[in-house]
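Here's the structure we're looking at; comments come further down.
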Amino acid sequence: MNDALRSLLDLLALERIEQDIFRGESRASVVPRVFGGQVAAQALVAAGRTVPADRPPHSLHAYFLRPGDPGAPIVYTVDRIRDGRSFTTRRVVAVQHGQPIFHLSASFQEAEEGLEHQEPMPPAPDPLELPTAAEILPRHAERFLAPGVAERLLESRAAIDLRYVDEPPYATVGEPREPRSQVWFRTQGKLDDTGEIPRPLLDICLVTYVSDMTLLDSILLAHGRGGWAVGDVVGASLDHAMWFHRPLHADEWLLYDQESPTAQGGRGLGKGRIFTAEGQLAVSVIQEGVIRVPRV
């Protein structure tokens, strides 16, 4: 486990300041706001710490309301909406400077047997055959808005080994492609069961963190845009929904298969499926984001 992963786990280990109130720290980001995956993962941790450990999350639905301040702590207030025989529901509001910045509803379920089917896993190369972020980002540093952006991107993702199957958007600026993208990812080191956040909640929260990193890439690919780091679009996440179907381990390779069915009105929709290396469909994700072309 590298230092960046330890730092990320510390970020998710929220301080309990009252029975259902938690405080989380933020970290500097490559954009002047809190990374959406961070606040979503922290909110899910807060919800999960009010639920029995044998009831992992099976879904979440969230809205990003305001840009978060990376220089200030975030307070998470959990409402215990329902505690049923099989399902538990929680609502979380994240607040900074007296204003809500994020809202999440999450549902938890105890394990049970049921009908089984899934879509097949799409073809993808072995992740170990693909270039790492440290190998690919410096090749395209001249495309970014300013010196040092590539280094800041690498630092922001140092806890996660994330590898693109095809070229990322910033590498093919001006070349529209099919609105599909695939990445393999896993944590930079093995997780253990001795931390403050029990597994499988920890694995699910880490996947939630990563799920916001690349989901809107397929929108950019459809229009040959490189992204905020290149400066040919500005954008932000609006809402985010996830369904957790089967067990997963965030420290083992996971394939994130992503596509965009539509973009319009300054917004774009991204859909994702996360598969285990063995081909099990573990997570479905949908996100809408603001995608705007800067005015000249």
Side-chain angles (χ1 to χ4, degrees), residues 4-53 55-83 87-108 155-157 159-160 195-213 215 236-242 244 250 285 287-290:
L5 180 55
R6 289 192 184 91
S7 176
L8 175 56
L9 296 180
D10 289 342
L11 199 69
L12 296 181
L14 305 179
E15 175 192 3
R16 187 189 294 269
I17 58 177
E18 201 24 282
Q19 179 179 0
D20 293 333
I21 303 175
F22 302 86
R23 178 165 51 214
E25 297 302 319
S26 294
R27 61 166 51 168
S29 177
V30 288
V31 292
R33 59 178 181 265
V34 175
F35 169 53
Q38 174 202 308
V39 69
Q42 286 181 326
L44 191 57
V45 169
R49 286 179 59 181
T50 70
V51 176
R55 290 194 180 190
H58 75 84
S59 70
L60 68 82
H61 301 265
Y63 284 92
F64 298 91
L65 306 176
R66 292 179 175 86
D69 176 1
I74 306 172
V75 174
Y76 296 91
T77 301
V78 181
D79 289 334
R80 300 183 182 232
I81 302 300
R82 180 175 184 268
D83 290 288
F87 291 88
T88 297
T89 306
R90 296 290 185 261
R91 181 174 59 205
V92 183
V93 178
V95 175
Q96 276 188 319
H97 306 305
Q99 292 186 314
I101 65 168
F102 179 81
H103 174 277
L104 174 140
S105 293
S107 185
F108 301 74
E155 183 180 357
S156 71
R157 297 184 176 183
I160 306 298
E196 184 175 342
I197 306 170
R199 301 178 75 174
L201 178 62
L202 175 61
D203 294 278
I204 290 173
C205 291
L206 285 166
V207 168
T208 299
Y209 177 86
V210 177
S211 70
D212 190 41
M213 286 183 172
L215 187 52
S237 303
L238 288 171
D239 55 15
H240 198 80
M242 303 181 72
F244 307 101
V285 192
Q287 181 182 88
E288 188 173 44
V290 172

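These figures come from a predicted structure and were not determined experimentally.
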- Under the side-chain hydrogen bond (donor to acceptor under 3.5 Å, both in side chains) rule, what do T50 and R90 come out as? Steps first, then yes or no, please. CA-CA 8 Å; T50 70; R90 296 290 185 261; 2.7 Å; yes
- Decide if atom CD of E15 counts as having more than 12 heavy atoms of other residues, nucleotides or ligands within a radius under 6.0 Å. yes
What is the minimum heavy-atom distance between [X] and [Y], and which atoms define it?
X: S211; Y: T208; value: OG-O, 2.7 Å
X: R16; Y: F22; value: NH1-CZ, 3.5 Å
X: V92; Y: A47; value: CG2-CB, 3.7 Å

Rounded to the nearest 0.5 Å, what separates atom [atom1] in [X] from atom [atom2] in [Y]?
X: I160; Y: Y209; atom1: CD1; atom2: OH; answer: 6.5 Å
X: Q96; Y: S26; atom1: CD; atom2: OG; answer: 5.5 Å
X: Y76; Y: I21; atom1: OH; atom2: CD1; answer: 14.0 Å

- For R49 and E196, what are the C-alpha separation, side-chain angles and deciding distance, and is it a side chain to side chain contact (heavy atoms under 4.5 Å, CB included)? CA-CA 10 Å; R49 286 179 59 181; E196 184 175 342; 3.3 Å; yes
- Message: Under 3.5 Å, is there a donor on one side chain and an acceptor on the other for D212 and Q287?
- Response: yes
- Query: Step by step, would you call D83 with R55 a side chain to side chain contact (heavy atoms under 4.5 Å, CB included)?
  - Reply: CA-CA 11 Å; D83 290 288; R55 290 194 180 190; 5.7 Å; no
- Which residues share a side-chain hydrogen bond (donor to acceptor under 3.5 Å, both in side chains) with S105, sequence neighbours left out: none
In the structure I gave you, are the side-chain heavy atoms of [X] and [Y] within less than 4.5 Å of one another anywhere?
X: R80; Y: Q19; result: yes
X: P57; Y: M242; result: no
X: L206; Y: L12; result: yes
X: F35; Y: M213; result: yes
X: L14; Y: Q42; result: yes
X: L11; Y: Q38; result: yes
X: F102; Y: L104; result: yes
X: L60; Y: F244; result: yes

- Query: When you look at L9 and L202, which way does the side chain to side chain contact (heavy atoms under 4.5 Å, CB included) test go after all the steps?
  - Reply: CA-CA 9 Å; L9 296 180; L202 175 61; 3.8 Å; yes
- Message: Among residues at least two apart in sequence or on other chains, which ones pass salt bridge (charged side-chain N to carboxylate O under 4.0 Å, His left out) with D79?
- Response: R91
Atom pairs and distances, side-chain donor-acceptor, residues 62-75, under 3.5 Å, sequence neighbours left out:
residue, atom, partner, partner atom, Å
R66, NH1, P100, O, 2.6
D69, OD1, G71, N, 2.8
D69, OD2, H97, NE2, 2.9

- May I have the step-by-step check of side chain to side chain contact (heavy atoms under 4.5 Å, CB included) for D20 and T77, ending in yes or no? CA-CA 6 Å; D20 293 333; T77 301; 5.9 Å; no
